[in-house]
K.L.:
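A single structure is presented below for examination.
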Amino acid sequence: MRLKTKLIHAGLEGDPQTGAVVFPIHQVSTYKQEGIGKHKGFEYSRTGNPTRHALETYIAELEGGSRGLAFASGMAALSTILSLFNKGDHLVVGDDVYGGTYRVISRVFTRLGLEVTFVDTSELAAVKQAMQANTRAIVLETPTNPLLKVSDIAAVAEIAKERGALLIVDNTFMTPYWQNPLALGADIVYHSATKYLGGHSDVVAGLVVTKDPQLGEELHFLQNAIGAILGPQDSWLLLRGMKTLGIRMEEHEANARQLAQWLAARSDIKRVNYPGLPNHPGHELAKRQARGFGGMISFDVGSGERAEQVLGKVKYFTLAESLGAVESLISVPARMTHASIPQERREALGITDGLIRISVGIEDVQDLIEDLQQALA
Ligand SMILES: *Cc1c(COP(=O)(O)O)cnc(C)c1O
């Protein structure tokens, strides 16, 4: 089955009982048992719910893994994954990860005794050097947010394997439509499904897929034990949104390519970060490990004042956090998504005050270009 067909036909289709072509919403908390412990696979909806199960089966097939799990948010998904580890375990984490990822690791899990080293995971030597005897996992995002740095998933997987550590990849920016980290050697892939998977700015959710069934079992134990599950309505919304992932991702990318080229040709833009541009340092690697470059672009307009001016003038780009939806969004990471990262650290990473991030939507690209043009004027 090819990818676009898979998006329509993978997972559990429809409802055999009624013939409904869409999987129903099972808005239910508990299930009748025929005898003690005798049931049809569902006992209590924290442990398992049919609509959530349909979504979990679907994402597992799309990522090419053995077990899928759905959570109340991307951060709930990550926090449950991090609960695999014990006090004294060490993690190597990308230094350009989502602000909330940095926050939960550095301010919550370190308090519980996890040790962590943040490194640029696009530098293999830095990853190797950060590995310790107690390193249990490497956590990375590729491309990163908001600098769009690309990490070599297969090469980092090798480093992890040599040391008996897990590789955990945040695939939010690429989605299974463009990139499958499990096929490249990762052990766990997770998503903020709030973004491209949902795609319509109407649901907050997280999805996890493991390659190994045993690891999937361990994570299901934690999903049930911790309880940060996705509800049936939101599971259904995701199932609905994900059917159009293929056509949406194609449009996001076609628009992003044109916008990136247009921005790169302007003399008043200091730097354009888009892996689809041939001069991007991660371009060749991105071409090798993914089928597309996605719809995220960041660019530096020189100063915080100019960035604020642009954000005040755009008409079709909505000033908002988040990304990956049909409408184009614009933000200044230093003051929004990445405000939880201390300023000193932000500047060291290159997340300058003039850096604007856009999540390119699926509007007509000509309107988007004209809009940016008048805003930059
Ligand atoms: C948004 C985001 C998250 C967090 O997901 P939530 O659904 O907001 O909890 C994690 N990683 C990346 C790359 C994100 O963009």
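Values in this document were obtained by computation on a predicted structure and should not be read as measured data. When a ligand or atom number is given, it counts from 1 through the structure's own listing order.
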K.L.:
Give yes if a backbone or side-chain nitrogen or oxygen of T194 is under 3.5 Å from a nitrogen or oxygen of ligand 1, and no if not.
P.N.:
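Between T194 and ligand 1 (N or O atoms, distance only) the closest approach is under 3.5 Å.
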K.L.:
H252 and Y196: aromatic ring centres closer than 6.0 Å?
P.N.:
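That pair passes the under 6.0 Å test.
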K.L.:
Looking only at protein heavy atoms, which one is nearest to atom 1 (C) of ligand 1, and how far off is it?
P.N.:
K195 NZ, 1.5 Å
K.L.:
Please list, in number order, the atoms of ligand 1 under 4.0 Å from a heavy atom of L323.
P.N.:
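Selected atoms, number and element: 15 (O).
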K.L.:
Could you tell me which residues satisfy ring-ring contact (aromatic ring centres under 6.0 Å, His included) with F85, sequence neighbours excluded, listed by chain and number?
P.N.:
none
K.L.:
Within the structure, does E141 bring an N/O atom to less than 3.5 angstrom of an N/O atom in ligand 1?
P.N.:
no
K.L.:
With a 4.0 Å cut-off on heavy atoms, does A205 reach ligand 1?
P.N.:
yes
K.L.:
Please check whether G74 reaches ligand 1 - meaning an N/O of the residue sits under 3.5 Å from an N/O of the ligand, judged on distance alone.
P.N.:
yes
K.L.:
Using heavy-atom distances only, which candidate in S192, S359, A193 approaches atom 8 (O) of ligand 1 most closely?
P.N.:
S192
K.L.:
In terms of the angle between their ring planes, are H53 and F42 parallel, tilted or perpendicular, with boundaries placed at 30° and 60°?
P.N.:
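H53 and F42: perpendicular rings.
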K.L.:
Can you find a heavy atom in the side chain of E327 that is under 4.5 Å from one in the side chain of Y316?
P.N.:
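The answer is no, as the side chains (C-beta and beyond) never meet within the 4.5 Å cut-off.
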K.L.:
Look at ligand 1 and say whether L78 reaches it with a heavy atom at a distance under 4.0 Å.
P.N.:
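No, that is not the case, since the closest heavy atom of the residue is not under 4.0 Å from the ligand.
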K.L.:
Taking atom CD of Q129 as the centre, report whether more than 12 heavy atoms of other residues, nucleotides or ligands fall under 6.0 Å from it.
P.N.:
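No, because the 6.0 Å sphere around CD of Q129 holds 12 heavy atoms or fewer from other groups.
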K.L.:
Of all residues at least two apart in sequence or in a different chain, which pass the salt bridge (charged side-chain N to carboxylate O under 4.0 Å, His left out) check with E56?
P.N.:
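E56 satisfies salt bridge (charged side-chain N to carboxylate O under 4.0 Å, His left out) with R52 only.
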K.L.:
For D152 and R288, what are the C-alpha separation, side-chain angles and deciding distance, and is it a salt bridge (charged side-chain N to carboxylate O under 4.0 Å, His left out)?
P.N.:
CA-CA 9 Å; D152 188 334; R288 206 164 61 233; 3.7 Å; yes
K.L.:
Would you mind reporting whether I188 and V209 have side-chain heavy atoms less than 4.5 Å apart?
P.N.:
no
K.L.:
Just distances here: any N/O of M75 and N/O of ligand 1 closer than 3.5 Å?
P.N.:
yes
K.L.:
So between T144, N145, D170, whose heavy atom ends up nearest atom 13 (C) of ligand 1?
P.N.:
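Among T144, N145, D170, the closest heavy atom to atom 13 (C) of ligand 1 comes from D170.
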K.L.:
Heavy atoms only: which of F173, F71, Y196, Y98 lies closest to atom 3 (C) of ligand 1?
P.N.:
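Result: the heavy atom closest to atom 3 (C) of ligand 1 is in Y98.
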